[in-house]
Amino acid sequence: MLLDLKRIFGAYDAPVTHQLSLDLSEADFPGYTVPEPVSAHVTATLCGRVLEIALEITADAAFECARCLAEGVRRFPIQRVYSVREADLSDPDAELSFTPDGRLDLEELVYTEIVLEVPSVLLCSENCAGLCPVCGSRKPCSCRHETSGFADERLSVLKRLLE
């Protein structure tokens, strides 16, 4: 969906709002997917010569934990406000990218905000212990293997210091 900013600058006094539901399940995200439709609310308010665009997004990211490989889903509420001047519509270095006729692609904006806000390395919990290096199962495991057999024997002196 395109938001016509030139038209808003030229004729509107009241805020312009749009409610979007975007299917980004086929989009390429770094380390996660967004399987459910993304809810986005956009409000454009003209304040003198500055257009303020408020963006509120709710997205669910499905991922594999980076430590233990467990499947997980986390919800990310994202809020962002942009200030746009009419001169920005033709500026190639503006914070937002506009079409040549002064429109803003809201789907691209939502996608970009999700990529910027959702970390590419996600954990199932902050205290995730990961996988056991001996048996490969999630920690804490019932594995009773002694891991010292895998260590370099030249470092055994250091191990004795810890005993």
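Residue indices begin at 1 and follow the sequence shown.
- For residues 58-68, the set of pairs meeting the salt bridge (charged side-chain N to carboxylate O under 4.0 Å, His left out) definition, not counting sequence neighbours, comprises Asp60-Arg75.
- Expressed to the nearest 0.5 Å, how far CD1 of Ile78 lies from CD1 of Ile114 amounts to 5.5 Å.
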Next item on the list: Let me see the working for Asp101 and Lys6 under side-chain contact (heavy atoms from CB on, under 4.5 Å), right down to the final yes or no.
Entry: CA-CA 8 Å; Asp101 58 345; Lys6 274 191 177 180; 5.6 Å; no
Next item on the list: Step by step, work out the side-chain contact (heavy atoms from CB on, under 4.5 Å) result for Ile53 and Leu104.
Entry: CA-CA 11 Å; Ile53 302 171; Leu104 177 63; 3.9 Å; yes
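- Put simply, NE2 on His41 and CD1 on Ile57 are 12.0 Å apart, with the number rounded to the nearest 0.5 Å.
- Shown here for His18 and Val16, the closest heavy-atom pair between the two residues is NE2-CG1, 3.8 Å.
- Here the straight-line distance linking atom CG of Leu2 with atom CD of Glu108 works out to 10.0 Å at 0.5 Å rounding.
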Run the side-chain donor-acceptor check on residues 122-136: report pairs under 3.5 Å with partners two or more places apart or on a different chain.
| from | atom 1 | to | atom 2 | distance (Å) |
| --- | --- | --- | --- | --- |
| Ser125 | OG | Asn127 | OD1 | 2.9 |
| Ser125 | OG | Cys128 | N | 3.4 |

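- Residues Val115 and Val110 fall within the same hydrophobic cluster, defined by Ile, Leu, Val, Met, Phe, Trp and Tyr side chains chained together at heavy-atom separations under 4.5 Å.
- With rounding to the nearest 0.5 angstrom, the CD atom of Glu107 is 9.0 Å from the CG atom of Asp23.
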Side-chain donor-acceptor pairs of residues 88-96 under 3.5 Å, sequence neighbours excluded:
| from | atom 1 | to | atom 2 | distance (Å) |
| --- | --- | --- | --- | --- |
| Asp88 | OD2 | Arg85 | N | 3.0 |
| Ser90 | OG | Ala87 | O | 3.4 |
| Asp91 | OD1 | Asp93 | N | 3.0 |
| Glu95 | OE2 | Arg80 | NH2 | 2.4 |

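- Partners of Phe29 under the ring pair (Phe, Tyr, Trp, His ring centres under 6.0 Å) rule, at least two apart in sequence or in another chain, are Tyr32, Tyr111.
- Going from atom CD of Gln79 over to atom CD of Glu113 covers 11.5 Å, rounded to the nearest 0.5 Å.
- Atom CD of Gln19 sits in a crowded spot, with more than 12 heavy atoms from other residues, nucleotides or ligands closer than 6.0 Å.
- Note: Glu86 CD to Ile8 CD1 = 11.5 Å, rounded to the nearest 0.5 Å.
- In this view, Phe76 satisfies the ring pair (Phe, Tyr, Trp, His ring centres under 6.0 Å) rule with no residue, not counting sequence neighbours.
- Residues passing the side chain to side chain contact (heavy atoms under 4.5 Å, CB included) test with Arg49: none are found, sequence neighbours excluded.
- The minimum heavy-atom distance between Phe63 and Val73, with the atom names listed, is CE2-N, 3.8 Å.
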